[in-house]
Novice: 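The structure's right below; bear with me while I get my questions together.
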There are 2 protein chains.
Amino acid sequence: MSADCCEATCQSHPARCKDCAVRPFSVCAALSDDELGELQALSEPTSFAPKSALLLQDEPVQNVFNITSGCVRLSKILSDGRRQVIGFAIAGDFLGLSFQERSNFTAEAIGPVTACRFRKKAFLNYLDAKPDLVRRLLEFSANELRLAQEQLVLLGRRTAEERVASFLTMRRARNSRFGQQGATLQLPMSRLDIADYLGLTIETVSRTFTKMVREKLIIIVPDGIRFVDLAHVGQIAAE
Amino acid sequence: MSADCCEATCQSHPARCKDCAVRPFSVCAALSDDELGELQALSEPTSFAPKSALLLQDEPVQNVFNITSGCVRLSKILSDGRRQVIGFAIAGDFLGLSFQERSNFTAEAIGPVTACRFRKKAFLNYLDAKPDLVRRLLEFSANELRLAQEQLVLLGRRTAEERVASFLTMRRARNSRFGQQGATLQLPMSRLDIADYLGLTIETVSRTFTKMVREKLIIIVPDGIRFVDLAHVGQIAAE
DNA sequence: CGTTGGATTGAGCCTTATCAAGTCGAGTGG
DNA sequence: CCACTCGACTTGATAAGGCTCAATCCAACG
């Protein structure tokens with residue numbers, strides 16, 4: 001009836017989710033093929049245009065999503081307009097799992113995004129019958145918490161240069177899920193998004209990139225960067 | 001055989017956990033009385049002296065804990081000594097649930113602390129048989145994630161005064177679990193702990209407290225503060 | 001009564017923010 | 001094909017919020 005949940009992430013093997021490169025990282029990995037079928041019956045493949053919203057801060061959460069392609073920006077806004085980007089969700093990530101009536105953040109597509117949409121209520125009901133899936137979600141949530149705690153250290157205690165270096169190496173590590181391990185790192189988000197993610201201004205991010213170029217650590221390319229001295233960037237990030 | 005898990009938090013009603021003020025906030029709330037008995041068989045009531053460690057960053061996690069009294073400081077340290085406090089755990093909070101081999105942070109008792117200790121392995125096994133408990137842990141974890149995301153905004157985008165005001169009101173809200181709603185707020189942690197939690201220095205925290213006293217927002221009392229103009233403090237925190 | 005550790009206060013500085021101008025590339029229309 | 005606009009990014013000059021370093025206060029305690 002509807003398109004695949006995990007399978008949709010895997011353009012090259014649409015027929016078999018368990019062969020899909022994304023499935024092991026998705027919450028669906030806990031499910032048997034039969035269960036996957038059940039879950040797919042609950043899901044609706046959905047596309048989002050660039051800049052469209054999947055979730056809006058303080059608005060009721062109707063749906064939960066499993067991202068299948070593209071990059072989603074998660075952000076929180078203060079009443080006076082200051083913005084903090086709290087994360088970027090990519091294929092395999094799960095959105096909307098807060099058990100809160102209203103969303104704590106806004107989720108917006110950066111470029112084109114595809115996702116499996118579930119009615120929140122139906123999904124929660126399904127969870128009651130699928131302890132393995134709950135367990136998997138718990139592990140996913142615990143991992144998200146761990147990442148958020150890393151980000152607390154970054155925002156609370158690191159310098160601008162460390163933040164940028166850390167951002168670049170983390171993005172690289174995250175992409176390694178999909179075998180993208182080359183020296184080129186795609187950065188679909190804008191400088192402003194990066195600044196708001198790192199608790200800096202756009203000017204400081206720009207200056208720091210420029211500095212890293214001058215020091216021959218990276219090269220700036222269209223929509224991304226190339227690592228020239230990955231080890232050194234990693235060293236700055238690690239500190 | 002062992003003392004109670006949730007009941008231990010409730011000095012006044014040691015016999016019945018379901019009458020206990022803490023249980024509804026603890027992961028144990030999902031369990032029947034029978035199950036609670038089973039869980040207690042897995043647990044060991046443990047006391048920690050001030051400044052002793054429950055978990056050490058980068059060390060293997062042998063135990064998980066359900067805090068029953070006292071205040072535990074969770075912190076991460078960079079190689080050069082910079083420290084970020086990522087949270088304070090109090091009665092009802094659950095520690096060590098990261099599914100990682102090694103702990104991502106250090107957990108230290110601030111004053112005397114009591115907790116239910118579980119062997120991690122035994123606890124994880126028990127989880128497999130208790131989906132309701134897993135579900136409860138998922139909700140707990142999702143809530144922790146939400147709090148961490150709030151903290152990201154605080155660290156990334158708020159001023160020193162907003163951070164301190166926010167800290168005070170959040171502490172107050174957290175204590176409200178236990179009916180502590182008066183104008184006096186106990187602060188068991190040191191100024192240095194507060195500074196490392198808020199991404200500031202001890203001097204800035206001290207100066208900000210002093211400023212708030214001058215402006216008649218709070219009064220500093222031994223081991224805590226008293227709110228004089230709670231509404232105004234809340235307003236600064238909300239912004 | 002001296003010591004000790006936590007907290008406060010002060011002076012000066014530094015990193016990053018702010019404000020402002022300029023560059024670059026893509027898209028648009030005459 | 002070129003002038004124009006627009007948005008994203010970069011660069012420069014200056015300002016400020018919070019940090020660093022240092023002195024002092026204060027209460028607890030031997």
Side-chain angles (χ1 to χ4, degrees), chain A residues 50-51 71 73 78 80-85 108 110-111 154-168 186-215 218-225 236 239, chain B residues 50-51 71 73 78 80-85 108 110-111 154-168 186-215 217-226 236 239:
Chain A
K51 303 188 183 184
C71 185
R73 176 184 62 232
L78 297 176
D80 63 356
R82 282 175 290 179
R83 188 180 77 155
Q84 178 67 38
V85 171
E108 291 157 301
I110 290 179
L154 184 144
L155 292 175
R157 288 292 176 238
R158 299 185 105 116
T159 65
E161 186 177 28
E162 288 169 354
R163 293 183 201 200
V164 171
S166 186
F167 172 72
L168 295 178
Q186 301 287 16
L187 295 176
M189 67 291 288
S190 71
R191 293 286 188 275
L192 183 57
D193 290 338
I194 297 173
D196 285 349
Y197 181 59
L198 299 178
L200 301 169
T201 59
I202 185 173
E203 293 95 333
T204 298
V205 170
S206 182
R207 275 186 252 271
T208 306
F209 270 118
T210 303
K211 178 159 175 270
M212 293 174 83
V213 170
R214 266 203 314 271
E215 290 167 352
I218 60 171
I219 298 171
I220 295 175
V221 298
D223 301 313
I225 62 113
I236 294 169
E239 179 43 24
Chain B
K51 301 186 183 181
C71 185
R73 176 184 61 232
L78 296 177
D80 62 356
R82 283 175 291 178
R83 187 180 75 154
Q84 178 68 36
V85 171
E108 291 157 302
I110 290 179
L154 184 144
L155 293 175
R157 288 293 176 237
R158 298 181 105 111
T159 66
E161 186 176 29
E162 287 169 353
R163 294 183 200 200
V164 171
S166 187
F167 172 72
L168 295 178
Q186 301 287 16
L187 295 176
M189 66 292 288
S190 71
R191 292 286 188 275
L192 183 59
D193 289 338
I194 297 173
D196 284 349
Y197 182 58
L198 299 178
L200 301 170
T201 59
I202 184 173
E203 293 94 333
T204 299
V205 170
S206 183
R207 276 186 252 270
T208 306
F209 271 117
T210 303
K211 178 158 174 272
M212 293 175 84
V213 170
R214 267 202 314 270
E215 291 167 350
L217 300 178
I218 59 170
I219 297 171
I220 295 176
V221 297
D223 301 314
I225 60 113
R226 274 182 66 85
I236 295 169
E239 178 44 24

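Naming convention: chains lettered A, B, ... in sequence-line order (proteins, then strands); numbering from 1 in each chain.
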Novice: Which is true for Leu198(B) with a 4.0 Å heavy-atom rule: it touches a base, it touches only sugar-phosphate, or it touches nothing?
Specialist: nothing
Novice: Closer than 4.0 Å, any side-chain N/O of Thr159(A) to the OP1 or OP2 of dT15(C)?
Specialist: no
Novice: Under 3.5 Å, is there a donor-acceptor pair between the side chain of Arg83(A) and the main chain of Tyr197(A)?
Specialist: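 Looks like no, no N/O pair under 3.5 Å.
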Novice: Starting from C1' on dA27(D), measure out to CG on Asp223(B) and report it in whole angstrom.
Specialist: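 The distance from CG of Asp223(B) to C1' of dA27(D) comes to 12 Å, rounded to the nearest Å.
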Novice: Can you measure Asp196(B) atom CG to dC19(D) atom P for me and round it to whole angstrom units?
Specialist: 11 Å
Novice: Taking all atoms of both residues into account, what is the closest heavy-atom pair of Glu162(A) and Arg157(A), and its distance?
Specialist: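 Smallest heavy-atom distance, with atoms named: OE1-O, 4.4 Å.
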Novice: Using every non-hydrogen atom in the two residues, find where Glu161(A) and Thr208(A) come nearest and quote the distance to one decimal.
Specialist: CA-CG2, 3.8 Å
Novice: So which nucleotide from dT18(C), dT10(D), dT20(D) ends up closest to the side chain of Thr201(A)?
Specialist: dT18(C)
Novice: Taking only the side-chain heavy atoms of Arg191(B) (C-beta and beyond), determine which of dT11(D), dA7(C), dT9(C) contains the nearest atom.
Specialist: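 Ranking dT11(D), dA7(C), dT9(C) by closest atom to the Arg191(B) side chain puts dA7(C) first.
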Novice: In whole Å, what is the span from the CG atom of Leu192(A) to the P atom of dT10(D)?
Specialist: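 It works out to 12 Å between those atoms.
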Novice: Can you tell me how far P of dA7(C) sits from CZ of Phe209(B), to the nearest Å?
Specialist: 10 Å
Novice: Using a heavy-atom cut-off of 4.0 Å across all strands, would you classify Ile220(A) as base, sugar-phosphate, or nothing?
Specialist: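 Sugar-phosphate only.
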Novice: I need the CG-C1' distance between Leu187(B) and dG6(C), as an integer number of Å.
Specialist: 15 Å
Novice: List in chain and number order the residues that pass salt bridge (charged side-chain N to carboxylate O under 4.0 Å, His left out) with Arg163(B), two or more places apart in sequence or in another chain; answer none if no residue qualifies.
Specialist: none
Novice: Hey, what are the protein-to-nucleotides 10-12 of chain C N/O distances that come in under 3.5 Å?
Specialist:
| from | atom 1 | to | atom 2 | distance (Å) |
| --- | --- | --- | --- | --- |
| dG10(C) | N7 | Arg207(B) | NH1 | 2.7 |
| dG10(C) | O6 | Arg207(B) | NH2 | 3.2 |

Novice: Quick one: label Ser206(A) by what it contacts on the DNA or RNA (base, sugar-phosphate, nothing), any heavy atom closer than 4.0 Å.
Specialist: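 Base: the residue Ser206(A), judged by heavy atoms under 4.0 Å, touches a nucleobase.
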Novice: Leu168(A) and Leu187(A): which non-hydrogen atoms are nearest, and at how many Å?
Specialist: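 Shortest heavy-atom separation between Leu168(A) and Leu187(A) comes out as CD2-CD1, 4.1 Å.
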Novice: Considering heavy-atom distances to DNA chain D, does Thr210(A) or Arg157(A) have its closest nucleotide positioned more toward the 5' end?
Specialist: Thr210(A)
Novice: Can you tell me how far P of dT16(C) sits from CD1 of Ile202(A), to the nearest Å?
Specialist: 17 Å
Novice: Strictly below 4.0 Å: does Thr204(B) bring a side-chain N or O up to OP1 or OP2 of dG18(D)?
Specialist: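 No, Thr204(B) has no side-chain N/O under 4.0 Å of OP1/OP2 on dG18(D).
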Novice: Let me confirm one number: the CG-CG distance from Leu154(B) to Leu155(A), rounded to the nearest 0.5 Å.
Specialist: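 Between atom CG of Leu154(B) and atom CG of Leu155(A) there are 10.0 Å.
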Novice: Give the rounded distance in Å between these two atoms: CZ of Arg82(A) and P of dA17(C).
Specialist: 13 Å
Novice: Nearest-Å distance, CG (Leu200(A)) to P (dT18(C))?
Specialist: 11 Å
Novice: What distance do Asp196(A) atom CG and Met189(A) atom CE have between them, rounded to the nearest 0.5 Å?
Specialist: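 Answer rounded to 0.5 Å: 12.0 Å.
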Novice: Once you apply a heavy-atom cut-off of 4.0 Å, does Ser190(A) come out as touching a base, just sugar-phosphate, or nothing?
Specialist: sugar-phosphate
